[in-house]
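For reference, the structure discussed in these notes is given below.
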Amino acid sequence: MLKNTTLSIIATVIVCLLAAFLFLQPIFSNMGNWGLYDWDQHLFYHASPRISLLDFHEFPLWTPYHCGGNLLLANPQSPFLSPFFLFVLLFGAVAGLKLEALAYLAVGLFGMFLLARKLGCSRFASVFAAAVFMFSSWFAARVAVGHTTFFPFALLPLAFLFYLNAASASGLSAAVRWVIAAAVVVAVMFLSGGIYPFYAAVILLVLYSLLDSVGMRRATPLAAVAAILALAMLLSSVKLLPVVDFTFGVAAEKDVQLTSAGIVYKSLLSRGQSIPEKDIETGRDLVPEDQVEMRSTGPNRQLPIWGRQKELDTLAGKLPWRWHEYSAYVGIIPLLLAALSIIAFRRNWKLILAALFFLVIALGNYLPFGLWQLLRQLPFFSSLHGPSRFIIIFVFLVALLAAKALSAVKVFPNKKIQTAVVAVIIIAVTADLFFVSRPLLSNAFPLAPLEVKSTNIGTADFIQMGSSAPSLSQYPNLLQGIGTLNCYERLHFRNRAIPQFVDGEPYSGFVGNAYIAETNESLNFTHFSPQKISLRLSGIPKAEAALSSNVSELTLVINQNYYKGWKFDGSSKEAGSRRGLLAALIKKDDLGREVTFAFSSPPFILGSVISVLAVAAAALAFWKPNRAAAVVEPAARLLRKLESYVFRQS
């Protein structure tokens, strides 16, 4: 029996991998090609920590190649602690991310199949649920534009499945294991940089556990979710603490997304989901062409661009965002089947209410007093700015409701005919989803890779550059060991660094990568890596003369943004800031010596200790669940008394 179950699981995994490859095959036709839209930004997110790890042998806490110097691990979208990052480490950013997309899609299909089976759906209906959720255009659109931080939405079925198992476990020992499994999945979402998937999973689990507790008249579901989220936070503390420390000190950009019932209708039902070619140029396929300005980008070449006012209008919610932000095609049949599940409302009411909840969120400010406005008032949720992104959870719940309806509806008394009809529906819907979603991938990677050389990486040379097209140049600049000052990034410090070049031309205001502020004398690095900079205080005659006379100290400035955690010339000395740049005071005794700046992160150190202890405790509890159950048994008894009192009173 166990052998048959194992073989069945292996076969299901293989089928999911094959289906995922068939769906994503267009992106593998030119394996080395680069993508458009946000691919430059997300290739940077993955390549920068890879370079730190493999070329500099440093744990990626800080990057000098972004925004004049920016935190790397503490960026909420940093992905390198994810197990999926192994693809990038082994195969590079471009090929690795394409393989990552394949892995996420296969995991999403497999998880959704298992989840539907858990909810009582037939095998055929479970296949249907997996196809509707993962072959919906939301995933293809995110792959097409490089939204790699949305890939972890594919982990949602497993997180939800493990929660359901924990909430319904017959014994405390079994519940402990499922809580740990769910917590690991939620933690991986966060560690993968999936901020929206992480938030969505938290909201869904809390909402559904509340509905479960009401329906079951027990507090166990709420307790399970509380344990899942608490453990997930402990497991991910290595990143969570740096992120909290960083985001509390830096204000993210605020903007509002235009949403409407018409846009949501089109996103779910319009078969024309493909992003028009002109959207590659304008960035806004819903905006009339007469609103697009033209700019010369070279001899005999003009491209439409966005004027600043139009961009401001978009961020103010007056114009739509790019269509991939809304795309979530499922088609009419899954929606009708999901609506049909209302007939069995008593069995499906929790899924139905949850689906309506996320649909209302996805409508955003279209509703004057909606859930979106309330959600943004909560701590940590105020930075969310795209309500349409929660349409993915609505699609997830629609897929489950449709699968349950497909399992329950018996139109034909003959079982063979009924099975054949269900099979036809599954094939028709899957084919429809392929025909609508897959074309999004056909031109997703049109750019032949640029031939760039890492001339500066591994040397003491470093260049900071300003770019007129930062959203296209961060990744190629990084490959050359060049930092992009005016980065394409929502969360960063106010940039104080001075470019050495702007679009390849020397910038007159540049003094040096290191210089004495009072004398404007520049110095060369003797060693340079993202988190360690060394230089010798020599060849600066004006500074030497000043320090030899009546000047007690001068200011050594490094042309990078300052952030706490930088140490100067040993761990005992905290580096300082001069006009937002990394700096330190030097004295006469320092002349001729080699001095060093090094970066460390106290929140990272504390978070690492917490995460290591949490991983060890979780592994031990998973291996010895009876011991863990004995530890939490007193709390479980107290919970049973509490729920007995609460639900008896109600």
From CA spacing to verdict: side-chain contact (heavy atoms from CB on, under 4.5 Å), N561, N495: CA-CA 7 Å; N561 297 325; N495 189 6; 3.5 Å; yes
Taking the six-membered ring where the residue is Trp, are the ring centres of F153 and Y196 under 6.0 Å apart? no
Is there any side-chain hydrogen bond (donor to acceptor under 3.5 Å, both in side chains) pair reaching into residues 612-622, and which pairs are they, with sequence neighbours excluded? none
Test of understanding: with ring-ring contact (aromatic ring centres under 6.0 Å, His included), list the residues that count as partners of F91, not counting sequence neighbours. none
With side chains defined as the heavy atoms from C-beta onward, is the minimum distance between W566 and E574 less than 4.5 Å? no
Enumerate the side-chain hydrogen bond (donor to acceptor under 3.5 Å, both in side chains) contacts for residues 94-116, please, sequence neighbours excluded, ordered by first and then second residue. Y104-S192
Enumerate the residue pairs fulfilling salt bridge (charged side-chain N to carboxylate O under 4.0 Å, His left out) with a member in residues 139-158, sequence neighbours excluded, ordered by first and then second residue. R142-E325
Sort and list the pairs that fulfil side-chain hydrogen bond (donor to acceptor under 3.5 Å, both in side chains) and have at least one residue in residues 599-619, not counting sequence neighbours. none
Side chain to side chain, W39 and V145, heavy atoms closer than 4.5 Å: no
Backbone N or O of C487 within a donor-acceptor pair of the T484 side chain at under 3.5 Å? no
Would you sort out whether F56 and Q531 count as a side-chain contact (heavy atoms from CB on, under 4.5 Å), showing the intermediate values? CA-CA 9 Å; F56 293 107; Q531 290 157 206; over 6 Å; no
Y563 and D245: side chain donor to acceptor below 3.5 Å: yes
Return each pair, listed once, that meets side-chain hydrogen bond (donor to acceptor under 3.5 Å, both in side chains) where at least one residue sits in residues 164-173; pairs must be two or more places apart or across chains. K118-N165, K118-S168, S173-N626
Roughly how far apart are L229 CG and F198 CZ, rounded to 0.5 Å? 7.0 Å
State, with a plain yes or no, whether a side-chain heavy atom of L71 is found less than 4.5 Å away from one of L61. no
Is there a donor in the side chain of D569 and an acceptor in the side chain of T596, or the other way round, less than 3.5 Å apart? no
Within the structure provided, determine whether I51 and D55 are in side-chain contact (heavy-atom separation under 4.5 Å). yes
Crowded around K350 NZ? As in, over 12 foreign heavy atoms under 6.0 Å? yes
Looking only at the side chains, is there a donor atom on one of Y488 and Q474 sitting less than 3.5 Å from an acceptor on the other? no
Is there side-chain contact between V186 and L205, with at least one heavy-atom pair below 4.5 Å? yes
Taking the six-membered ring for Trp and the single ring otherwise, decide whether the centroids of F597 and F568 are under 6.0 Å apart. yes
With rounding to the nearest 0.5 Å, note down the distance linking CD1 in I393 to OH in Y199. 14.5 Å
Go through the side-chain N and O atoms of D212 and Y163 and say whether any donor and acceptor fall under 3.5 Å apart. yes
Does the separation of the ring centres of Y65 and F462 fall below 6.0 angstrom? yes
Taking T12 for the side chain and S8 for the main chain, is one N or O donor matched with an acceptor at less than 3.5 Å? yes
Before we go on, tell me: are the rings of F28 and F21 under 6.0 Å apart, centre to centre? yes
Ring centers of F599, F604 separated by less than 6.0 Å: no
Quick check with a 6.0 Å cut-off and a 45 degree axis cone: is K239 positioned over the face of F190's six-membered ring? yes
Testing the 3.5 Å rule here: is there a donor-acceptor pair between the side chains of Q560 and W62? yes
Keeping the roles fixed (side chain from S237, backbone from L240), state whether a donor-acceptor pair exists under 3.5 Å. no
